[in-house]
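A short worksheet on the structure shown next.
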Protein chains: 2
Amino acid sequence: MSEIKSLARGLKLLELLAQAENGAGITELAGQLDIDKSSASRLVQTLASYGFAEQDPDTRRYKLGPRIVTLSRTMLTRMPLRDEAKPFLRRLMERTGEGAHLAILSQGGALYVDQVESPATLRATTGVGTVAPLHCTALGKALLAFDAHAHFPTELKAYTPRTITSPETLRVHLDQTRRQGYAVDDEEYEYGVRCLAVPVFDYRGKAVGAIGISGPAGRISLERLSELAAITRTIGQELTDRLSFKP
Amino acid sequence: MSEIKSLARGLKLLELLAQAENGAGITELAGQLDIDKSSASRLVQTLASYGFAEQDPDTRRYKLGPRIVTLSRTMLTRMPLRDEAKPFLRRLMERTGEGAHLAILSQGGALYVDQVESPATLRATTGVGTVAPLHCTALGKALLAFDAHAHFPTELKAYTPRTITSPETLRVHLDQTRRQGYAVDDEEYEYGVRCLAVPVFDYRGKAVGAIGISGPAGRISLERLSELAAITRTIGQELTDRLSFKP
DNA sequence: GTGCCCGTTGTATAATGCACAACGATTGAC
DNA sequence: GTCAATCGTTGTGCATTATACAACGGGCAC
């Protein structure tokens with residue numbers, strides 16, 4: 001049980017550095033963690049000596065270090081699901097013409113772990129590493145509906161007027177999602193952006209992620225929706241089939 | 001001076017987890033750091049409780065956690081150079097037809113922090129977060145030649161028969177790079193891949209990064225080299241100009 | 001079933017991180 | 001230009017805390 005306190009503080013400092021827009025000063029950091037300046041200074045120095053933090057030579061303020069970017073990449077390249085899904089994401093993009101994404105459940109949201117951008121000039125781009133809410137994105141809904149580990153969100157924040165904010169409505173919506181086998185985000189997270197997503201299962205039948213497309217509502221029209229859903233479902237099923245032979 | 005020991009150990013554990021291909025066990029980790037199993041267990045538990053590590057429920061082995069990917073993204077989005085460079089990277093890709101990259105000096109190499117992929121089916125893709133050697137890549141050479149903070153590599157590892165492995169040759173080569181204002185990697189890092197890069201300077205005249213293109217040697221032919229170099233130099237200069245008004 | 005190896009947990013001791021304080025450096029106001 | 005205030009860093013004694021040792025419980029192979 002017992003956490004290592006100073007390691008925990010160091011990690012909290014990393015999160016604070018991440019939140020700070022233009023870096024953070026030692027005094028400021030110490031205040032937020034309610035620890036002494038000297039402790040904060042030494043902790044951040046340690047982070048810096050391993051490349052996890054960096055000091056601006058001019059302002060003496062600290063920010064996140066480059067080592068994190070490196071680690072992130074090695075983590076992503078070590079993710080088997082990502083390798084398996086890549087060609088299917090490409091196909092999904094080519095057949096629909098829209099940006100394709102792969103997400104997993106993480107940190108109470110949908111974590112985007114890979115993408116294939118659409119060549120169209122007008123494109124909805126959600127970068128790898130983003131955590132999107134579960135209740136108003138297609139990938140999120142797909143995870144929420146099919147992944148047993150997903151916690152039903154306690155707060156349904158409204159991002160647009162179309163966002164579903166009532167738990168009952170969302171539950172009904174998720175039932176429908178399960179029945180039809182794919183999830184839709186109809187401008188519920190961002191104005192003018194529609195998304196479609198389907199879950200992906202591993203050899204044990206457990207949902208391990210979701211793939212989907214995302215694009216301007218003008219191109220992903222309501223008339224094309226069922227056609228695009230069919231394509232997405234097919235490719236999702238193919239990926240699931242591929243993952244069935246992995247144990 | 002004095003490092004916080006347990007934080008340092010936690011960070012070392014992160015690096016070990018990054019190196020481990022298929023996750024790592026506690027005993028194994030403890031052995032590599034020469035600490036007790038119990039310490040390693042508690043440290044990794046702390047990492048896990050903040051999402052920096054993750055335990056496979058089946059094998060009980062640990063691997064890197066998803067929080068790192070999130071942090072990496074926030075760090076990249078907070079990097080001003082990246083925002084400034086993005087449109088220039090796009091232009092570079094459009095005018096040359098090759099994949100364009102932005103790199104900074106970090107961890108003794110060239111850290112790729114952004115890219116715009118070529119639409120061509122045959123493309124050389126080096127993902128964001130990769131650290132490439134300085135002596136045999138165009139971006140690396142550009143940084144090595146123009147960034148005063150760059151340390152001359154102690155070991156010049158040969159990746160292909162064309163890799164420059166002699167320090168004297170490399171110094172002469174870097175002099176030439178400085179004179180002509182752009183760097184070339186002629187299949188010195190990867191077979192069949194040629195790259196071109198130019199440094200980018202901030203308002204103080206200090207090199208803060210490099211941008212360049214990378215593609216199959218068939219398309220980046222030696223005849224087109226000077227033409228492509230001119231384009232890259234021009235766009236690099238434009239980005240440098242843009243950064244001059246930032247203080 | 002039995003022995004082995006793994007990850008986790010309890011505990012006393014000693015090492016380590018912490019609070020307080022002082023120091024140099026930088027910034028801003030007058 | 002001078003002074004004061006603030007910031008980040010560094011020393012140091014004390015007390016908290018991380019650690020090593022040991023024991024435990026579970027999974028796996030034989």
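All values below come from the heavy atoms of this structure, side chains included, with hydrogens, waters and symmetry mates left out. Quick note on labels: first sequence line is chain A, next is B, and so on, each numbered from 1.
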Just checking A:E28: base, sugar-phosphate only, or nothing, at a heavy-atom cut-off of under 4.0 Å?
nothing
Under 4.0 Å between any heavy atoms, over every strand shown, what does A:R9 touch: base, sugar-phosphate, or nothing? Just pick one.
sugar-phosphate
Strictly below 4.0 Å: does [X] bring a side-chain N or O up to OP1 or OP2 of [N]?
X: A:Q55; N: D:dC7; value: no
X: B:Q45; N: C:dG7; value: no
X: B:S38; N: C:dT8; value: no
X: A:Y62; N: D:dT9; value: yes

In terms of ring plane angle, is the pair A:H135 and A:Y159 parallel, tilted or perpendicular, where the classes change at 30° and 60°?
tilted
Aromatic ring pairing B:H101/B:Y112, orientation class (parallel under 30°, perpendicular over 60°, tilted between)
perpendicular
Rounded to the nearest Å, what distance is computed from the [atom1] atom of residue [X] to the [atom2] atom of nucleotide [N]?
X: B:I4; N: D:dT19; atom1: CD1; atom2: C1'; value: 16 Å
X: B:R61; N: D:dG27; atom1: CZ; atom2: P; value: 17 Å
X: A:D36; N: D:dG8; atom1: CG; atom2: P; value: 13 Å
X: B:R42; N: D:dC21; atom1: CZ; atom2: C1'; value: 11 Å
X: B:L47; N: C:dT8; atom1: CG; atom2: P; value: 12 Å
X: A:L43; N: C:dA19; atom1: CG; atom2: P; value: 10 Å
X: B:I35; N: C:dT8; atom1: CD1; atom2: P; value: 13 Å
X: A:L13; N: D:dG8; atom1: CG; atom2: P; value: 13 Å

Is B:R178 salt-bridged to B:D175, cutoff N-O under 4.0 Å?
yes
Candidates [options] - which lies nearest the side chain of [X]:
X: B:S6; options: C:dA21, C:dT8, D:dA18; answer: D:dA18
X: B:R60; options: D:dG8, C:dT16, C:dT8; answer: C:dT8
X: A:S41; options: D:dT9, C:dC18, D:dA20; answer: D:dT9
X: B:T27; options: C:dC6, D:dA20, C:dG17; answer: C:dC6

Within 45° of the axis and under 6.0 Å from the centre of the six-membered ring of B:Y50, does NZ or CZ of B:R67 qualify?
no
Relative to the 5' end of DNA chain C, which residue comes earlier, B:T59 or B:L7, by the nucleotide with the nearest heavy atom?
B:T59
The answer to which of A:K37 and A:K5 contacts DNA chain D further toward the 5' end, by nearest nucleotide, is A:K37
Are B:Q45 and B:S41 linked by a side-chain donor-acceptor pair shorter than 3.5 Å?
yes
